[in-house]
Amino acid sequence: MNLESIPRGELAAILRRMPKAELHIHIEGSLEPELIFRMAQRNGIELAYPSVEALRAAYAFTDLQSFLDIYYAGAGVLRTEEDFFEMAWSYLNRAKADNVIHCEIFFDPQTHTARGVPFATVINGLHRAVERAREELGLSASLILCFLRHLSEADAFATLEQALPFRDKFIGVGLDSGERGNPPEKFAAVFGRCRELGLRLVAHAGEEGPARYIRDALDLLKAERIDHGVRCLEDPHLVARLAAERIALTVCPLSNVKLAVFPELGHHNIGRLLAAGVLATINSDDPAYFGGYLNENFTATFDALPELGAREAYLLARNSFEASFVPDETKAVWIAGLDAFFADCSAGG
Ligand code: HPA
Ligand code: ZN
């Protein structure tokens, strides 16, 4: 496989066609304005915006919190199991079109249970879509329950209790929402309990928060994967540790620009992370809000960063499989398929 022989002009098509996994997608962040309006109408909910265009025009964020305010408001239209099913089914079809073959999907149950929507309604709708994707799209998918870090740890424990009867419908837990002022240690006990229960553990860290939050997510929460993590480059020791321990970062370039973590894509550090040997991946985070699904994240990032070529395309797809929570045998099958795809590309196929 001679990746250097692949012309740069073919890169965009390769990025779109290559098989890949998505590991950082908030399902509520896939809710398109059209779907928000349709659900609001059928559920008899009055929206603060007069039209789809007006709602989309409000997607001008200055930081994480300014996004979260609109994101939680948008999720307020979700009421029935059918709503949760339809949201996830739409995303899964979109992922299939991007040649995603596996996804690990975050959901925020507290956003819904706080509004009186039963936990069962949320997870049964999402899980039905995951099952249907496996059967009808040949797409592998699983669910990860995220605790909202702006709420208390007691609230997270209560959510875990509600979730345990549905233990077979999700594979792990994560930590999202406003990072500043809500450090990992706030959730050390509930993550400890989840670990005892055999759940897989991930956490958002080092998006807006400092590099120290990444270290604490590893040491205090025992997170197996870090969501975002881009601020690790502020601490060279941490970068060396991430590389040595093969700890994956689920990086979301379009999100980072929309939320002003980087001023523009041309300043993004994904190339430097890969060059440092960090197991970085590319993901969409909240695609309906940040201007693109997974393939747009790949193509826009490669357009903006000249240091990214066919070698990095291969590496990012390979990393997405390596960092996933599937059995090693499954990873090996998917990586063999990826190798065959790139061998074909480099042979001029
Ligand atoms: N960061 C934190 N919380 C979130 C995000 C994010 O990027 N997206 C949805 N919830
Ligand atoms: Zn996220």
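Every number for a ligand or one of its atoms is a count from 1 in the order of the listing.
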Looking only at atom types and distance, does a side-chain atom of [X] sit under 3.5 Å from a main-chain N or O of [Y], one as donor and one as acceptor?
{"X": "Glu185", "Y": "Asp216", "answer": "no"}
{"X": "Thr281", "Y": "Ser320", "answer": "no"}
{"X": "Glu179", "Y": "Glu208", "answer": "yes"}
{"X": "Glu104", "Y": "Phe325", "answer": "yes"}
{"X": "Lys20", "Y": "Leu294", "answer": "no"}

Whether Glu208 lies under 4.0 Å from ligand 1, heavy atom:
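Heavy atoms of Glu208 never come under 4.0 Å of ligand 1.
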Does this structure show an ion pair linking [X] with [Y], if we count only N-O contacts that are shorter than 4.0 Å?
{"X": "Arg94", "Y": "Glu296", "result": "yes"}
{"X": "Arg231", "Y": "Glu234", "result": "yes"}
{"X": "Glu224", "Y": "Arg200", "result": "yes"}

Around the Zn ion (ligand 2), list the protein N/O/S atoms within a radius below 2.8 Å, excluding water molecules.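 As for protein N, O or S atoms lying under 2.8 Å from the Zn ion (ligand 2), they are His24 NE2, His26 NE2, His204 NE2, Asp285 OD1.
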Applying ring pair (Phe, Tyr, Trp, His ring centres under 6.0 Å) to Phe262 and His268, what does each step give before you reach the verdict? CA-CA 6 Å; Phe262 295 95; His268 202 282; 4.3 Å; yes
- Message: I want to confirm something. Looking only at heavy atoms, which of Lys258, Glu28, Glu207 is nearest to atom 6 (C) of ligand 1?
- Response: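 Shortest heavy-atom distance from atom 6 (C) of ligand 1: Glu207.
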TODO: Any atoms of ligand 1 less than 4.0 Å from a non-hydrogen atom of Phe67? List them with their elements.
DONE: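 That gives atoms 8 (N), 9 (C) of ligand 1.
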| For ligand 1, which atoms have a heavy atom of His204 less than 4.0 angstrom away? |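 Per the distance check, 1 (N), 2 (C), 6 (C).
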Donor-acceptor list for residues 54-62 side chains, cut-off 3.5 Å, not counting sequence neighbours:
unit_1 : atom_1 : unit_2 : atom_2 : d
Arg56  : NH2    : Glu34  : OE1    : 3.1
Arg56  : NH2    : Glu34  : OE2    : 3.0
Thr62  : OG1    : Ser66  : OG     : 3.4

Nearest protein heavy-atom contact for [atom]: which residue, which atom, what distance?
{"atom": "atom 8 (N) of ligand 1", "answer": "Asp286 OD2, 2.7 Å"}
{"atom": "atom 3 (N) of ligand 1", "answer": "Ser177 N, 2.8 Å"}
{"atom": "atom 7 (O) of ligand 1", "answer": "Asp285 OD2, 2.7 Å"}
{"atom": "atom 10 (N) of ligand 1", "answer": "His26 CE1, 3.6 Å"}

At a non-hydrogen distance cut-off of under 4.0 Å, which region of [X] contacts ligand 1 (side chain, backbone, both, or neither)?
{"X": "Phe106", "value": "neither"}
{"X": "Asp227", "value": "neither"}
{"X": "Asp108", "value": "neither"}

Please verify the inter-ring angle class for Phe107 with Phe119; under 30° counts as parallel, over 60° as perpendicular, anything in between as tilted.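 Because their plane-to-plane angle lies in the 30° to 60° range, the rings of Phe107 and Phe119 count as tilted.
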